[in-house]
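Input: a single structure, listed below in structure tokens.
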Amino acid sequence: MITTESLAELRSTCSELPRPLGLVPTMGYLHEGHLSLVRAARKASASVAASIFVNPAQFGPGEDFESYPRDRDRDLMLLEEEGVDVVWTPREELLYPPAFQTWVHVEDITQRLEGAHRPGHFRGVTTVVSKLFNAFQPDLAFFGQKDAQQVVVIRRMVRDLNFPVEIEVGPIVREPDGLAMSSRNTYLNPAQRQAATVLHRALSSTVEVYADGEREAAALRRRMSEVLAEEPLADPEYVSVADPATLEELEGQLDTALLSLAVHIGETRLIDNMLVGDAELGG
Ligand code: AMP
């Protein structure tokens, strides 16, 4: 496995690797969710690339950029075990040189859900992902459904800017009790970790209600809120029943939907989601 901080070395390595090349972008502190994407990339591509970069531009003021967990050596060991061919670990100064002022901005769909609560977040995401696509020139790029809106936004960006890359989506990998794996789960103390299972309970209970025939958007939203209200340590930021293609909040009778929520447990902000019906993120 080649590990480099250098853009020139990355480019020359990628230009020589057998195609198709699959890319898995990450912020590191890897868990099974990340590794499932690496395995999907391995299956679909002749060569696999990964990036590890905690992207300051996607964190808002007062968010956890400084405290975000990092363990470069362990991450590299795990990626090597998975048979990754090349890993890029760029320095912040390389991606954001002095006087940096060029951004990629996707309009409407970044203003909803996560974007409404984390202003500037998606501008950071789309800018860094554009940089990664320029640097690696991958044929395929793998993202997790865990960050469902990110998938929708990146698919929009790829179409709008004609990036020659196919966006593949991996399912959410969960702990045995249902909690979606996340590098941020390490922030939770034991009581909070237990309380955090309420996100999965709220979503699965709502999926059951849908499976039993409920199609009213407001009723599904209410179900999620009711389950969240049973957990005193959970402070919901939003619950959403949205169109999986446009992310517009649905009203009245629906067919397919993206159920999603953001919940504070103490200082930690967690997100999770499930799709109902025959839906695909980003259409
Ligand atoms: P991150 O390091 O948090 O930026 O995540 C890197 C990639 O892994 C993103 O595409 C995430 O959506 C994906 N990911 C994070 N957690 C999970 C999970 N539990 N299951 C599947 N994919 C995930």
Side-chain angles (χ1 to χ4, degrees), residues 22-44 48-60 63-65 67-72 74-76 78-79 82 84 87-90 95 113-115 118 121-133 136 138 140-155 157-158 165-188 193 196-197 199-200 203-204 258 260-263 268-275 281-282:
L23 170 65
V24 182
T26 84
M27 298 206 297
Y29 213 73
L30 303 180
H31 50 65
E32 277 297 312
H34 299 109
L35 299 181
S36 71
L37 295 177
V38 172
R39 288 172 203 135
R42 178 92 275 166
K43 220 169 164 184
V48 179
S51 59
I52 302 175
F53 181 64
V54 184
N55 175 32
Q58 71 188 68
F59 289 79
E63 289 188 359
D64 57 345
F65 172 66
S67 58
Y68 195 84
R70 292 159 169 91
D71 191 343
R72 188 175 184 277
R74 179 174 173 274
D75 289 346
L76 293 176
L78 291 169
L79 293 174
E82 294 295 338
V84 170
V87 184
W88 194 34
T89 58
L95 291 187
L113 301 171
E114 286 298 282
R118 302 183 68 189
H121 169 68
F122 284 112
R123 184 181 79 152
V125 170
T126 47
T127 301
V128 83
V129 171
S130 300
K131 285 166 163 284
L132 296 174
F133 288 175
F136 286 88
L140 306 162
F142 294 78
F143 294 87
Q145 189 192 316
K146 169 80 190 337
D147 299 282
Q149 186 174 13
Q150 175 169 279
V151 170
V152 177
V153 169
I154 288 171
R155 284 194 159 148
M157 177 186 86
V158 161
V165 54
E166 192 69 40
I167 304 303
E168 304 286 347
V169 186
I172 302 178
V173 178
R174 298 179 179 281
E175 301 287 355
D177 63 6
L179 177 65
M181 289 194 181
S182 164
S183 310
R184 290 190 167 98
N185 292 347
T186 53
Y187 298 151
L188 302 168
R193 170 64 188 77
T197 57
L199 280 83
H200 177 250
L203 289 166
S204 0
L258 172 67
S260 66
L261 38 77
V263 177
T268 307
R269 183 178 184 279
L270 300 175
I271 58 170
D272 201 350
N273 70 83
M274 287 187 188
L275 286 164
L281 290 172

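Both ligands and their constituent atoms are indexed starting at 1 by order of listing.
- Remark: side-chain polar atoms of Arg184 are not paired, donor with acceptor, to backbone N or O of Thr268 under 3.5 angstrom.
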Could you go through ligand 1 and list every pair where one of its N or O atoms sits under 3.5 Å from a protein N or O, giving the atom names and the distance to one decimal?
| residue | atom | partner | partner atom | Å |
| --- | --- | --- | --- | --- |
| ligand 1 | 2 (O) | Met27 | N | 2.9 |
| ligand 1 | 2 (O) | His34 | NE2 | 2.9 |
| ligand 1 | 5 (O) | His34 | NE2 | 3.4 |
| ligand 1 | 10 (O) | Gly144 | N | 2.9 |
| ligand 1 | 12 (O) | Gly144 | N | 3.3 |
| ligand 1 | 12 (O) | Gly144 | O | 3.2 |
| ligand 1 | 12 (O) | Asp147 | OD2 | 2.7 |
| ligand 1 | 16 (N) | Met181 | O | 3.4 |
| ligand 1 | 19 (N) | Val173 | O | 2.9 |
| ligand 1 | 19 (N) | Met181 | N | 3.4 |
| ligand 1 | 19 (N) | Met181 | O | 2.9 |
| ligand 1 | 20 (N) | Val173 | N | 2.8 |

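- Side chain of Glu82 to backbone of Val38: no donor-acceptor contact under 3.5 angstrom is found.
- Closest non-hydrogen pair, Leu23 versus Pro25, comes out as O-CD, 3.6 Å.
- Closest non-hydrogen pair, Gly144 versus Leu37, comes out as N-CD1, 3.8 Å.
- His34 places a side-chain N or O within donor-acceptor distance of the main-chain N or O of His31, the cut-off being under 3.5 Å.
- Looking only at distances, no side-chain donor or acceptor of Asp75 sits under 3.5 Å from a matching main-chain atom of Met27.
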